[in-house]
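Notes for the one structure printed next.
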2 protein chains.
Amino acid sequence: MATPESGATLESVATVAGVSRQTVSNVLNAPERVAPETRQRVEDAIRELRYRPNRSARSLRTRISRLIGYCIQPAPAGNLNPVLDRFVHAVTESAAAHGFHVLLFTAPTGSAGLDRYAELLAQRAVDGFVLADTVVADPRPGWLTEQGVPFVAFGRSWSGPDRGHWVDVDGAAGMTEAVEHLHAIGHRRIAFIGWPEGSGVGDDRVAGYTAACLRLGLDPRVVRAEGGAGTGRALAAALLDDAAEARPTALVCVSDESAYGALRALAERGLRPGEDVAVVGFDDTPAARLPGVDLTSLSQPIEQIGHESVLMLLGLLGVVELPPGPEHRLLRPSLVVRASSRPAVPPTEA
Amino acid sequence: MATPESGATLESVATVAGVSRQTVSNVLNAPERVAPETRQRVEDAIRELRYRPNRSARSLRTRISRLIGYCIQPAPAGNLNPVLDRFVHAVTESAAAHGFHVLLFTAPTGSAGLDRYAELLAQRAVDGFVLADTVVADPRPGWLTEQGVPFVAFGRSWSGPDRGHWVDVDGAAGMTEAVEHLHAIGHRRIAFIGWPEGSGVGDDRVAGYTAACLRLGLDPRVVRAEGGAGTGRALAAALLDDAAEARPTALVCVSDESAYGALRALAERGLRPGEDVAVVGFDDTPAARLPGVDLTSLSQPIEQIGHESVLMLLGLLGVVELPPGPEHRLLRPSLVVRASSRPAVPPTEA
DNA sequence: CTGAAAGCGCTTACAG
DNA sequence: CTGAAAGCGCTTACAG
């Protein structure tokens, strides 16, 4: 009892429809060349036999695998941010709309991992790559560009020439929006809890904060340290233990993780988030909406980033028309306001 | 300037090495058939040309794609549990060790999604599937079994006949361990916060709790409701508002998410986790170790599950020897003890 | 141990 | 509009 899928080939469809293999292929790839009634007969046969073109045979012939390579990194232990999960899903779904699938592989970070990319290319296993987890001085964009391999990165190159196509989130614009929101609800001493200089993403976010402060006539105040929630807690503690007249009334955090630490520092001092001190994070991680957390945060348009990355890549591959516009797309995050930044003081300007 | 990868074929390697294509193929697939010095010459040529067999050509000929299908579901909004992220990574890595890659696709849940599986099969795009997100009455195991398609599921079939191979976590054993841990540190009134009956996973977990209680001579007390953190908070609130002598001193929760809700209910009553009331969750989600959370939780051996799933599948495909033993593997989660269940009362038995 | 031949299932110019 | 032919790059019996 063979499975219905196992049998059908172009040949068997042709036999059933009473035409040549070529005609069946035409129905699939250039239907306008085939007379309507012939086409109908062939389509009936395809349906009856549940025929699907064999992917390997098609790839061998066309030299297109219809597979997009994606390197999956292990999520760092304790990572709160399932952003890449959503990204991969969006990429997979957008790719499917054009008959593409995603081929997953693993590789060491840095240039040690380039071999895996090279290997997939040599095998002609993929047509191009979608890159995520891009970091400062990432070797991949330069190398892929040199090799002439189509790719789109989620995340710009933060150092060196900006090579290749990318889609990214405008962290600076997001932070500007956060500061404007806090200013609008009455805050005047707004501090920033950040990462050390040189992280690209972190620098971008603090730049948006600083620019907004200057525009609004506020004094920027930035504290920085490496790390996650523990660090955020320590940095926030130092700020909150300031003399009352200097103490910030709002904390803008480079990530939700730092913000969780800051919330903890508030709790330890009996300060109520939103009432006594406002807190804003970045990433809108799932924990932000837990009862008792209710953290205001910037949400990244992950699905859109995935979708646009795929469209750009398919454009480079010639499968769809390359979307008009530059090689780069910068998308704005959106501020999700929760209890951690509800008006403490009535707006002074309205 | 062609990329070095673009050119090499079996043919060009054969020319460089001065042998026939067949001999090159033998070096790759049956090296013992080739004389050592010939083999050396061929291997040199392969290295020099950076030759890798074309995957499509190989697949077309061998009828093996060396691709494992994996359906990626969108993480439910607000999902705290990145477990599938780690699972996919483990599967990808284990597969790579045998020259396999993972093909990602999306599909609707339920029988509506079977078409996508059928399509990949008809295209011969994959050799088999690794299933995750299995649910009660999941149509996939039965259907794949009928079709004779190799697959391994992460998660057993909770209803109907147990068809096909699977690897799963022993939730009951985990909950038993949690109860024993709480009992050992002195707790005698241990309640369970669960999901409504019929979820498979939830029923398994509560069964382990109940069994442990009975064995230890404790009264099982189970409250249930649909939902996540908000529900956990409400269920915990009801328990904590009991008369003092009936109030549980420990809460075992069906998931970390319920446990976060329970922790919130404690905080709202000025109760200290671990000191006044112990709380235990399940999944060891990243948020469990946030400062101020420190939730005791059961950690699933995800990497091992991924690894064993792949080995089983490759066994079914005849690529490796099928691991001895049954078609099913049940792995124990491990209890990670944190501050939410540190001894409140000195152990009464030691 | 090595080589010539067939064929996996498809697509793409090219005649008719 | 339709069909016969070539060929994508590989592996696998089969002779020598």
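Below, each value reflects all heavy atoms present in this structure, side chains not excepted, and no hydrogens, waters or symmetry copies. Reminder, nothing fancy here: chain letters follow the sequence lines and each chain counts from 1.
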Whether [X] and [Y] hold their rings parallel, tilted or perpendicular, with breakpoints at 30° and 60°:
X	Y	result
B/His328	B/Trp166	parallel
B/Phe154	B/Phe87	tilted
B/His101	A/Phe105	perpendicular

query = In what stems does DNA chain C take part, counting only runs of at least 3 consecutive Watson-Crick or G-U pairs whose two distances fall under 3.5 Å?
reply =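 Stem list for DNA chain C: C:1-3 with D:14-16, C:5-12 with D:5-12, C:14-16 with D:1-3.
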Separation of [X] atom [atom1] from [N] atom [atom2], in whole Å?
X	N	atom1	atom2	value
B/Arg55	C/dC8	CZ	C1'	17 Å
A/Ile46	C/dG9	CD1	P	16 Å
A/Glu11	C/dT11	CD	C1'	14 Å
A/Arg39	D/dT2	CZ	P	10 Å
B/Leu60	D/dG9	CG	P	12 Å
B/Ile64	D/dG9	CD1	P	21 Å
B/Arg21	C/dA4	CZ	P	10 Å
B/Leu10	D/dC8	CG	C1'	13 Å

Distance test, side-chain N/O of [X] to OP1/OP2 of [N], below 4.0 Å:
X	N	value
B/Ser25	D/dT11	yes
A/Arg63	C/dT11	no
B/Thr23	C/dT2	no

CZ (A/Arg55) and CD1 (A/Ile64) are apart, to the nearest 0.5 Å, by 11.5 Å
OG on B/Ser20 to CG on B/Asn26, rounded to 0.5 Å
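B/Asn26 atom CG to B/Ser20 atom OG measures 8.0 Å (nearest 0.5 Å).
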Between [options], which nucleotide gets closest to the side-chain atoms of [X]?
X	options	result
A/Gln22	C/dA4, C/dA13, D/dC10	C/dA13
A/Thr62	C/dT12, D/dC10, C/dC10	C/dT12
A/Asn54	D/dT12, C/dT12, C/dG9	C/dG9

In numerical order, the residues of residues 28-38 of chain B whose heavy atoms come under 4.0 Å of DNA chain C are B/Glu32, B/Arg33, B/Val34, B/Ala35, B/Thr38
Note to self: Test your reading of the model: is there a side-chain donor-acceptor pair from B/Arg156 to the backbone of B/Val169, 3.5 Å cut-off?
What the structure shows: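 The answer is yes, because a donor-acceptor pair under 3.5 Å joins these two groups.
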So, do B/Glu303 and B/His307 sit near enough that their side-chain heavy atoms are less than 4.5 Å apart?
->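 Counting from C-beta outward, B/Glu303 and B/His307 never come under 4.5 Å.
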Q: Search all heavy atoms of A/Val19 against all heavy atoms of A/Arg41 and return the closest pair with its distance.
A: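 Answer, listing the atom of A/Val19 first, then A/Arg41: CG1-NH2, 3.4 Å.
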Closest non-hydrogen contact found for A/Arg63 with A/Asp127 is O-OD1, 4.4 Å
